[in-house]
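Read the structure below first, then the notes.
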Amino acid sequence: MSLKNALAPFGIWARALARPYTIPVEDIMRAPADRYRGWHTNDAEACIGCGSCSDICQNAAIDMVVNRDATKGDTGLRPMVDYGRCCWCALCVDVCPSGSLGLSSEYTWVDKDPEVFRYVPGVDKKPWDDDTKGWHGGEWDLINHDRVPMSMLPGETRGQTWAEVVLGYSEEEAQREAARCLECGICTAACPAHMHIPEYIGAIRDGNYEQAVNLIYETNPMPEMCGKVCTRRCEDVCAHAKQGEPVAIRWLKRFATERFDDLREVIKADVAPIGVGKRVAVIGGGPSGITVAYYLAIRGFEVNLYEALPTLGGATFFGIPKYRFPMPSLEKQVDMLRGAGVKLHVNSPVDAALFEELRSTHDAVFIGAGLMRGKAMRVEGEDAPGVVNALTFLLEHHLRNNTDSDKVSKEPVVLPGMKVAVVGGGNTAIDAARVSLRLGASEVVISYRRRKEDMPADWEEIEDAEHENIQIDVQAIPLRIEQTPDGRLDLIWGPAEMVADKPGARPKPVLVEGVENHLVVDRIIGAIGQGPNLRWLSPEAQGTIADKWGWIKVNEDGMTGMPGVFAGGDLVNETADAISAIADGLRVVQGIPRWLGLQ
Amino acid sequence: MTIENPHVEKETQLWVGPQHPGVTGNMAIQVWLTGDTIQRGITHVGYLHRGFEKLMERRKFIQSFPIVCRICVPEPDTNEYLLAASIEELGGITIPEKAVWLRTLVLEMSRLASLVQQIGGGAGATGLGAVPNWTYTLRDYILDSFEELTGGRVYHMYMVYGGVRRDLPVGFAERMEATLRKIEERLPYIDKVTFQSSVWRERTQGVGLTDPAWVKEMGISGPAIRAMGFARDVRRDFPYLAYPELDFSVITSTGGDIYARMEIRRHEVVESIKIIRQVLQKMPKDGPVAAPIPNVFTWRIPTGQTYVRAEASRGEMGYYTVTDGSDKVRRVHVRGASYVHGFAMAERMFEGLNIADLHPTLVSIPTCPPEMER
Amino acid sequence: MNEFVQEIQARFEVLWSNPQRPDLMQIGVRQVNALPLLTWLKSNTGYFILNHFSAVDWIEDGEFQLTYLLTDYAARRSLMVCVRIDRAAPTAESVHHLWPEAVTYEQEMFEMFGISFPGSPRQGVDLLLEGWEDIPPMRRDFDTAAFAEEAFGFRPGRTHTNPRDRVAIAFGQKGFLHDH
């Protein structure tokens, strides 16, 4: 043992005069680190009550409690945290799709009552509610904000072909996209038909495609149509849409139905034959009529369906171009009606006499005749030759190309090399523009009164049109149409200024006086909406079931003012989309048996 | 003249722990003594068994992170890393470069915090109260850095599948450097009262020995085996993360006693500081800290099994993970270094040990009951 | 690594092999070959260290899997030996005479899975559980959620509403293909 080692321990006496090594208490009471994970905060207005926080919590510390009414896009539930179980891992923050949940950096809270350590963040006010420090979403999230991209025909060349633009998901892509679903079910509220969306997406994810299409058919007899062209309000409220791209619900539905060439063997209905011996007449073979016919037929009703055109589908036939919704897809869904035993009467317009006959020979009549009158632009000169309505334009185009109807001229309105202007901003305007392009138009311009973000058309449709080099002029108010000396048309328009309207409403376009712009074209297509046309009914019948503009009013069972006469679809609801028409049909599917005393 | 002790032949049975300040956590040693010499001893655990392995079988993959970090208080990050690495291997996830370095950083920070704590523990077990006071303070400075980086002091939950949850905060490297300097300044004082002190040397040298030939074939690792001349270190033998790109030494000694094990730790603190400085210097400045992973609610991983390992301060830590195509693990077996150290090796060392040397021996191995029980 | 598997194959039947990583080979052998193989590996190869020893319950196959992990530190490689045993009569040969550390592994597997290793010194001695009377808790058919519910429960006053159910009820979600 050396002396050095024996004395070594005393060396630390050198510290005696140094600053104390321990930390004064004031230093300990320092602020927590910026990312410290303390008590929860929640922006209760931004929260959508999807319950992802509750699902991820491995300690079962989070309950979803009722805080407000459920609305489209909000379950009305808010997370309540039990701090007897919380371990402050912040996984709840990382999976929060709305980004509303966070952890403040505050961690000290002393109270004698253990019950207070359970509260609804953001609803039960706390001192740290506005703490911007702590652990918040946005920097890095556990959920995947990006959807699996859809393959499409290239934009530059597809304008020359009628082939379907969207190519559909592969099995791997569909399963990957389906796996993004958080299964909160918020989408089902926004869907007019309240389809079983999380359930069928889950079935797709697991590869149970038969189960998926059966779940889809629970509420939708035209899923392949919806899978291709639905207005998909579900995706607008998808939890993922808050910070990223919504789950591609529409494309997944399309994928599931396209797995099967013939759905008749796949769909397995199991319902009581309550309608045996009862007869129902359906006027109009669009989505609402098909819905009523299909679900009543599988319940044993004898259903006669009357369609004025040579083929079923209604607006989904004559309105939607075939590069979006091809004929075989439509045929597949009509086959389901045949399989269910619906008697189809095509080329059979109903008039006042036939309507009375149907009422007397059937237990119930359903009117789903749709909006067959294109609205006028109400500008001077719109009766000039070469100015057409989009509805007529699309109807004639589809009859000419997809049926053997002899009621339309063989010559299309738009000929190769023409320059076309389309007035309007809805899906019909986009469809008319893209059909014109495919008919050979050299240049197509869409002219719309408001801004691009105000366009009612689906954002993907707008993008698709732009990819096809269709020009979109916005804030353009049509003033009048003049014929040029060389036989062309001059659409004279004035620029619009956007002026704020009442709160919640879109800003209004107001004409900037004194400026006139000219758009010289060969054809002008007006696509500014459709209206009802009930002139095929007797005036008495019109007065009983409809208001003076021709809109039909129905009760909660879908029945009109005329006993036994039900209605649905675009004539009844204001949204004028297929899925709302299907939802109307579903209401009538319950209403007719109830009215007949069958339940 | 010697006075005959009439009781010398009698055997006394004694329970040390589970509530005993000298025991590293909640465990008990049942010893049979003759006089103050231990004849044999048995390790008893079960005082804090939480069934973590079973809980993981009932949870989605991501939900296991808040569980595994609780397997080891001083070094939660090794558990986070091993769970992440095993699931990433089975689920086919590659982590970005930046995450590799950030993971290396926290693993080494946790090793450093744990090594520093163990030096204090080792000194404390021999009655030197000042050293644990210093080392626990130093550990707290490291915990400050953890708090700043991960949002948590003790349980960090910093790693996730795909990478880590956050990038370095601004100015982190400078503050970390200040902490490393504090540790370096303190080391000479620790040396003076322990490694250089003849009293402490007397107390620890030649105590807590075991047969190197026996140890060689067992799954013994860390300072316990490096103190017997075997240069086994997972960071060197089975390189992972950024360790292949780092310059550090595997410290060995041949004493095989308490002193040798503590001395290795003392040198490893220096190596660890060296590694942290290198990591902070070589780490890429930009790039994502995590790769996207499938939806954590529905992620399914095909059938497979793997064993991943990492070097914790106590030695080799390994996760045996089995997946079965579902959204949960089929089995996770957490193999902590103490599992072998605390039973087979400790029980062998107890034989012939003086009762007063029991705690310094246990602490020097060391044993950590939470990872023995999970 | 593959040559090494062939070397084993020459002596013992290898049911399957899987090179999981360059440094980790997995092989499956029959139970009768397990102890001879492990003994041979320990005495004749670099794989003389037992790093890890554990069991997996494959309840749907009616089998337990025993997994031995042996490491060759010189070659920096590991070999995972997997053995399936009958779940109805779970007995395996002890390896504690090769590696004394295996006593604890075997003690724990007896307690947690009910797998017995005759001859192993601490079979049946409590390791982690005291007075446990239920089925061995690491078996797949032991329901931890039910156990926790019974033993601990939730604090009173907690209510949870499933968001999906609330939406379905609030908006009257129905199905028309089946009578509900």
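Note: hydrogens, waters and symmetry copies are ignored here, and every other heavy atom, side chains too, is used. Here the structure is a predicted model, which is why all the values come from computation and not from measurement. In what follows, every chain begins at residue 1, and chains take the letters A, B, ... in the order their sequences are listed.
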Could you check whether any side-chain N or O of [X] sits under 3.5 Å from a backbone N or O of [Y], counting only pairs where one atom can act as donor and the other as acceptor?
X        : Y        : value
A:Asp63  : C:Arg158 : no
C:Arg164 : A:Gly185 : no
C:Gln173 : A:Met195 : yes

What part of [X] gets closer than 4.5 Å to chain C, counting heavy atoms only: side chain, backbone, both or neither?
X        : answer
A:Ala60  : both
A:Asn220 : neither
A:Ala190 : neither
A:Ile62  : backbone
A:Tyr217 : both
A:Lys268 : backbone

Reference residue C:Val167; test side-chain contact (heavy atoms from CB on, under 4.5 Å); the match among A:Thr71, A:Asp74, A:Thr75: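 Considering A:Thr71, A:Asp74, A:Thr75, a side-chain contact (heavy atoms from CB on, under 4.5 Å) with C:Val167 is found only for A:Thr75.
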
Result of checking A:Val271, A:Asp270, A:Ile298 against C:Leu177 for side-chain contact (heavy atoms from CB on, under 4.5 Å): A:Ile298

Between C:Thr159, C:Ile169, C:Asp165, the one whose heavy-atom pairs under 4.5 Å with chain A are most numerous: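 Most heavy-atom pairs under 4.5 Å with chain A: C:Thr159.
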
Side-chain heavy-atom pair C:Phe171, A:Thr188 within 4.5 angstrom cut-off: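 In short, these two side chains do not touch, never coming nearer than 4.5 Å.
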
So do C:Asn162 and A:Met64 actually touch side chain to side chain, heavy atoms under 4.5 Å?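 Result no, sub-4.5 Å side-chain heavy-atom pair not found.
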
Test salt bridge (charged side-chain N to carboxylate O under 4.0 Å, His left out) applied to C:Lys174 and A:Glu218, step by step: CA-CA 8 Å; C:Lys174 292 186 180 68; A:Glu218 287 283 1; over 6 Å; no

Do we get A:Arg85 above C:Phe154's six-membered ring, with its NZ or CZ under 6.0 Å from the centre and within 45° of the axis? yes

According to side chain to side chain contact (heavy atoms under 4.5 Å, CB included), who are the partners of C:Arg11, at least two apart in sequence or on a separate chain? C:Glu7, C:Trp40

